[in-house]
2 protein chains.
Amino acid sequence: MNNFSLDPRIAESSLELGALALSDARINNDSRFPWIILIPRREGLVGLHDLAADDLQLMTQEIRDMSNMLLDVYSPDRINVGALGNIVPQLHVHVIARFEADDAWPGPVWGAGSPDAYDAQSPELEKIRNAFETYQSAR
Amino acid sequence: MNNFSLDPRIAESSLELGALALSDARINNDSRFPWIILIPRREGLVGLHDLAADDLQLMTQEIRDMSNMLLDVYSPDRINVGALGNIVPQLHVHVIARFEADDAWPGPVWGAGSPDAYDAQSPELEKIRNAFETYQSAR
């Protein structure tokens with residue numbers, strides 16, 4: 001019943017982070033913002049309202065957990081959460097650490113300028129991957 | 001413990017719709033987009049992650065219910081959900097019916113152009129208020 005495959009546009013514009021109970025967590029490949037994308041491994045979903053009740057509850061927990069992880073790692077001024085899907089319809093949820101000094105503040109990150117890809121050896125990438133591993137091993 | 005009061009900036013830029021179990025539902029006063037704002041009646045919250053576990057579950061249900069209501073009333077191309085708080089920190093969640101022909105598509109609505117206030121007698125306002133009443137009485 002579940003032939004989930006990641007939309008290639010999400011795959012190309014983001015980097016692997018790890019698997020949560022419901023969602024694949026990925027790092028948006030834009031070093032301007034600490035930005036996680038959660039993609040529930042369910043085929044054919046577009047909006048949050050398409051999730052079954054128990055999946056919706058998992059999704060909510062994973063949004064909260066990733067928010068708390070970003071708060072711990074970056075101490076941002078705000079966490080932005082969004083499910084839009086205007087460009088890539090496959091259901092995915094953005095969880096972004098925002099700073100009053102960031103390139104898009106106080107506007108939204110979506111559509112703001114052009115992504116600035118991470119260097120493969122970026123310490124920022126290592127920082128978030130380490131935090132994710134610590135988070136996973138604490139569960 | 002709970003001295004909730006609506007941020008005056010939200011009060012001024014939106015119109016009353018009704019009260020859900022956790023949140024006040026308001027209509028963003030911008031006739032370009034069918035746009036509901038949910039404000040949980042809890043003092044001092046900024047992010048979704050600040051909600052207690054049972055409130056977070058209620059919040060999620062209310063987002064889903066308002067999404068489904070907008071889908072029923074407007075048959076939009078997409079529902080956008082966002083919790084940003086970059087300008088007004090008081091926790092509020094946007095639930096917006098989006099159309100491929102709308103003024104901001106495929107970009108986000110936040111920061112896109114200037115709001116176009118509803119006429120007090122707008123049939124659009126009546127339509128959404130009727131839908132909300134029907135939704136409430138069906139609970």
Side-chain angles (χ1 to χ4, degrees), chain A residues 9 33 36 38 45-72 76-113, chain B residues 9 33 36 38 45-72 76-113:
Chain A
R9 287 166 293 183
F33 312 101
I36 287 174
L38 296 174
L45 307 187
V46 175
L48 286 171
H49 53 272
D50 293 325
L51 285 162
D54 50 349
D55 281 349
L56 184 58
Q57 211 178 322
L58 273 177
M59 182 88 249
T60 306
Q61 288 165 13
E62 294 178 356
I63 292 169
R64 184 198 55 201
D65 292 346
M66 292 297 98
S67 298
N68 285 329
M69 187 186 78
L70 290 177
L71 286 166
D72 283 349
D77 295 305
R78 206 78 79 230
I79 296 287
N80 286 181
V81 174
L84 286 82
N86 303 345
I87 293 170
V88 177
Q90 179 175 72
L91 177 58
H92 57 288
V93 177
H94 306 272
V95 185
I96 310 138
R98 299 298 309 275
F99 297 88
E100 293 179 8
D102 75 29
D103 279 3
W105 187 272
V109 292
W110 307 285
Chain B
R9 289 165 292 183
F33 311 102
I36 288 173
L38 295 174
L45 307 186
V46 175
L48 285 170
H49 52 273
D50 293 325
L51 285 162
D54 50 348
D55 281 349
L56 184 58
Q57 210 178 323
L58 272 178
M59 182 89 248
T60 307
Q61 287 165 13
E62 294 179 354
I63 292 168
R64 184 198 56 199
D65 291 346
M66 291 297 98
S67 298
N68 285 329
M69 188 186 78
L70 289 176
L71 287 166
D72 283 348
D77 294 308
R78 205 79 77 228
I79 296 287
N80 286 181
V81 173
L84 288 81
N86 304 345
I87 293 169
V88 178
Q90 179 175 71
L91 177 59
H92 59 287
V93 178
H94 305 273
V95 185
I96 309 139
R98 299 297 310 274
F99 296 88
E100 293 180 10
D102 75 30
D103 280 5
W105 188 271
V109 293
W110 307 284

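Computed from a prediction, not measured in an experiment: that's the story for all the values here. Protein chains get the first letters and strands the later ones, always in sequence-line order, with residue 1 at the start of each.
Each of B:Ile63, B:Leu71, B:Asp77 has some count of heavy-atom pairs under 4.5 Å with chain A, and the biggest count is that of B:Leu71. Ranked by heavy-atom pairs shorter than 4.5 Å toward chain A, the options B:Ala83, B:Gly47, B:Gly107 are led by B:Ala83.
No donor-acceptor pair under 3.5 Å is formed between the side chain of A:Asp50 and the backbone N or O of A:Leu45.
Expressed to the nearest 0.5 Å, how far CG of B:Asn68 lies from CD of B:Gln61 amounts to 12.0 Å.
Of the atoms belonging to B:Leu48, it is side-chain heavy atoms, and not backbone ones, that fall under 4.5 Å from chain A. Looking at A:Val81, the atoms closer than 4.5 Å to chain B (heavy atoms on both sides) sit in the backbone and in the side chain alike. Residue A:Trp110 touches chain B through both its backbone and its side chain, counting heavy-atom pairs closer than 4.5 Å.
The heavy-atom pair separating B:Leu51 from B:Asp55 by the smallest distance is CD2-CB, 3.8 Å. A pairwise comparison of heavy atoms in B:Ile87 and B:Arg9 identifies O-NH1, 3.4 Å as the closest pair. Closest approach of B:His94 and B:Leu84 over heavy atoms only: CD2-CD1, 4.4 Å. Of all non-hydrogen atoms in B:Asn86 and A:Trp105, the two that sit nearest each other are O-CZ2, 3.3 Å. Considering all non-hydrogen atoms of both residues, B:Leu91 and B:Val46 come closest at CD1-O, 3.4 Å. Annotation for B:Val93 and B:Met59: closest pair CG2-CE, 3.8 Å, computed over non-hydrogen atoms.
Listed in order of number, the residues of residues 96-104 of chain A that approach chain B to under 4.5 Å between heavy atoms are A:Arg98.
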